[in-house]
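This structure is a prediction, so every number in the text was calculated from the model and none was measured.
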Amino acid sequence: MATAGKVIKCKAAVAWEAGKPLSIEEVEVAPPQAMEVRVKILYTSLCHTDVYFWEAKTPVFPRIFGHEAGGIIESVGEGVTDVAPGDHVLPVFTGECKECPHCKSAESNMCDLLRINTDRGVMIGDGKSRFSINGKPIYHFVGTSTFSEYTVMHVGCVAKINPEAPLDKVCVLSCGISTGLGATINVAKPPKGSTVAIFGLGAVGLAAAEGARIAGASRIIGVDLNPSRFEEARKFGCTEFVNPKDHNKPVQQVLADMTNGGVDRSVECTGNINAMIQAFECVHDGWGVAVLVGVPHKDAEFKTHPMNFLNERTLKGTFFGNYKPRTDLPNVVELYMKKELEVEKFITHSVPFTEINKAFDLMAKGEGIRCIIRMEN
């Protein structure tokens with residue numbers, strides 16, 4: 001392309017300081033260096049992780065947030081062979097270098113080189129930012145920074161997907177939806193006809209429920225403190241609901257009473273330490289498996305009686321649904337293309353890029369599931 005090797009001037013939503021509305025600015029985006037790609041972002045969406053770090057008093061500002069998106073490769077840096085200009089890609093907040101012990105292991109997706117780092121605001125190749133305004137650096141976020149018309153990423157953090165897939169839909173598969181879906185399908189692995197409890201019915205929890213629906217679970221029990229989410233959750237396969245506030249006994253006991261001794265599988269998507277313990281203790285002895293997805297407070301400690309393990313309950317954790325970004329995400333997109341996975345129902349709002357702060361307002365109010373931000377109109 002005519003822009004290859006040159007600085008591109010484009011619009012980006014810049015967070016100048018924590019918790020202040022984003023400001024649409026003209027930024028300069030440098031060309032990709034070795035093993036990097038420059039991507040034209042067409043659609044991006046807001047995920048709770050963006051909001052958390054935008055609110056948090058982390059020292060890395062000014063910054064361009066955003067990590068759930070879909071776009072097209074504009075140009076590639078030296079040494080890039082896996083993708084070419086024109087390829088359709090999903091940026092991912094974690095990566096797959098394909099060389100480290102984790103990438104070479106069939107059991108892990110936690111790449112040594114490219115796993116998520118929320119503190120780093122620069123490229124790993126040379127320790128510099130590719131974004132600037134008037135010569136001053138604007139920092140990156142989790143290696144993606146998709147709230148910009150163009151962004152530069154390490155090639156290991158982009159998944160090349162079917163060009164027929166509509167980017168305005170499949171962009172939501174680059175983070176939260178895949179995390180929840182994979183937690184159920186890849187990690188909990190509910191047998192057909194089994195009973196599954198989902199703790200937390202936000203985007204990730206609903207995706208976990210969708211995974212249980214695809215797997216053929218017979219009962220999917222949604223657990224949430226907000227009953228207004230229950231009706232929406234039916235669309236994702238939830239058959240029953242438990243609001244812990246409605247009961248004067250522990251949720252584990254409520255679920256055990258409903259399921260003749262415990263659920264077969266549970267998936268915890270809140271990050272609340274008590275919910276994590278409940279999700280483990282509510283699974284049936286002998287075969288029950290609990291999977292933790294939500295990220296807890298840094299000082300949280302998981303406490304349960306060891307007999308719960310000795311009675312043959314299993315506790316697992318997962319990161320990004322155990323999907324390897326480059327290897328596995330293209331297959332998740334194909335699940336959508338084959339109409340096995342429904343993505344449209346996750347997308348409840350859409351705004352033009354100039355109104356990106358509306359997406360933050362919707363999330364603050366807890367309205368909707370995913371809001372698509374259209375870069376071009």
Side-chain angles (χ1 to χ4, degrees), residues 45 47-48 68 169-170 172-244 246 251-252 254-255 258-259 262-272 275-276 278-280 282-284 288-295 316-323 332 335-336 338-348 366-370:
S45 57
C47 168
H48 191 263
E68 202 170 88
K169 307 288 191 295
V170 298
V172 298
L173 296 176
S174 78
C175 175
I177 310 307
S178 294
T179 295
L181 189 74
T184 304
I185 293 177
N186 297 336
V187 189
K189 298 181 178 166
K192 207 170 165 59
S194 58
T195 303
V196 180
I198 309 287
F199 286 72
L201 298 173
V204 176
L206 293 173
E210 176 80 353
R213 181 189 72 76
I214 291 169
S218 61
R219 293 173 72 188
I220 303 173
I221 305 168
V223 182
D224 202 295
L225 294 166
N226 179 357
S228 69
R229 289 179 163 172
F230 292 167
E231 206 43 53
E232 184 90 76
R234 288 185 195 282
K235 295 181 199 164
F236 300 85
C238 281
T239 53
E240 298 149 78
F241 301 95
V242 172
N243 181 347
D246 295 344
V251 176
Q252 335 35 342
V254 174
L255 289 164
M258 288 170 68
T259 55
V263 297
D264 302 313
R265 301 288 186 267
S266 71
V267 186
E268 200 294 316
C269 303
T270 71
N272 175 294
M276 291 177 148
Q278 290 159 359
F280 174 55
C282 79
V283 301
H284 205 290
V289 179
V291 177
L292 305 184
V293 184
V295 179
K316 292 182 168 187
T318 176
F319 169 69
F320 192 50
N322 280 33
Y323 288 119
V332 180
L335 275 182
Y336 165 75
K338 291 188 288 202
K339 299 194 161 44
E340 289 171 35
L341 164 65
E342 297 167 17
V343 167
E344 283 82 357
K345 60 194 176 187
F346 288 97
I347 300 166
T348 50
E367 285 179 28
I369 306 169
R370 276 292 184 264

Has the side chain of Ser194 got a donor or acceptor atom that lies under 3.5 Å from a matching backbone atom of Ala217? no
Closer than 3.5 angstrom, by distance alone: can the side chain of Ser266 be matched with the main-chain N or O of Ala279 as a donor-acceptor pair? yes
Considering non-hydrogen atoms only, spot the tightest contact between [X] and [Y] and give its length.
X      : Y      : answer
Ala188 : Val267 : CB-CG2, 4.3 Å
Gly368 : Thr348 : CA-OG1, 3.2 Å
Ala290 : Phe280 : CB-CA, 3.7 Å
Thr270 : Ala275 : OG1-CB, 3.6 Å
Asp224 : Pro244 : O-CD, 3.6 Å
Ala203 : Ile177 : O-CD1, 4.3 Å

Mind checking the [atom1]-[atom2] spacing from [X] to [Y]? Nearest 0.5 Å is all I need.
X      : Y      : atom1 : atom2 : result
Leu335 : Ile185 : CG    : CD1   : 6.5 Å
Arg213 : Leu341 : CZ    : CG    : 8.0 Å
Arg370 : Cys175 : CZ    : SG    : 6.5 Å
Glu240 : Arg234 : CD    : CZ    : 9.0 Å
Ile347 : Ile369 : CD1   : CD1   : 10.0 Å
Ile220 : Cys238 : CD1   : SG    : 6.0 Å

Do the side chains of [Y] and [X] get nearer than 4.5 Å, heavy atoms only?
X      : Y      : answer
Phe230 : Leu201 : yes
Val254 : Asp246 : no
Thr195 : Met258 : no
Phe199 : Asn272 : no
Glu68  : Val172 : yes
Tyr336 : Glu344 : yes
Glu342 : Lys235 : no

With side chain to side chain contact (heavy atoms under 4.5 Å, CB included) as the test, pick out the partner of Val291 among Asn322, Asn186, Thr318. Thr318
The side chain to side chain contact (heavy atoms under 4.5 Å, CB included) partner of Ile221 among Ile198, Thr259, Val196 is Thr259
Quick test of your reading of the model: are Arg229 and Glu232 salt-bridged, counting only N-O distances below 4.0 Å? no
Lys/Arg-Asp/Glu bridge criterion (N-O < 4.0 Å) met for Glu210, Lys345: yes
For Leu181 and Val332, what are the C-alpha separation, side-chain angles and deciding distance, and is it a side-chain contact (heavy atoms from CB on, under 4.5 Å)? CA-CA 9 Å; Leu181 189 74; Val332 180; 4.0 Å; yes
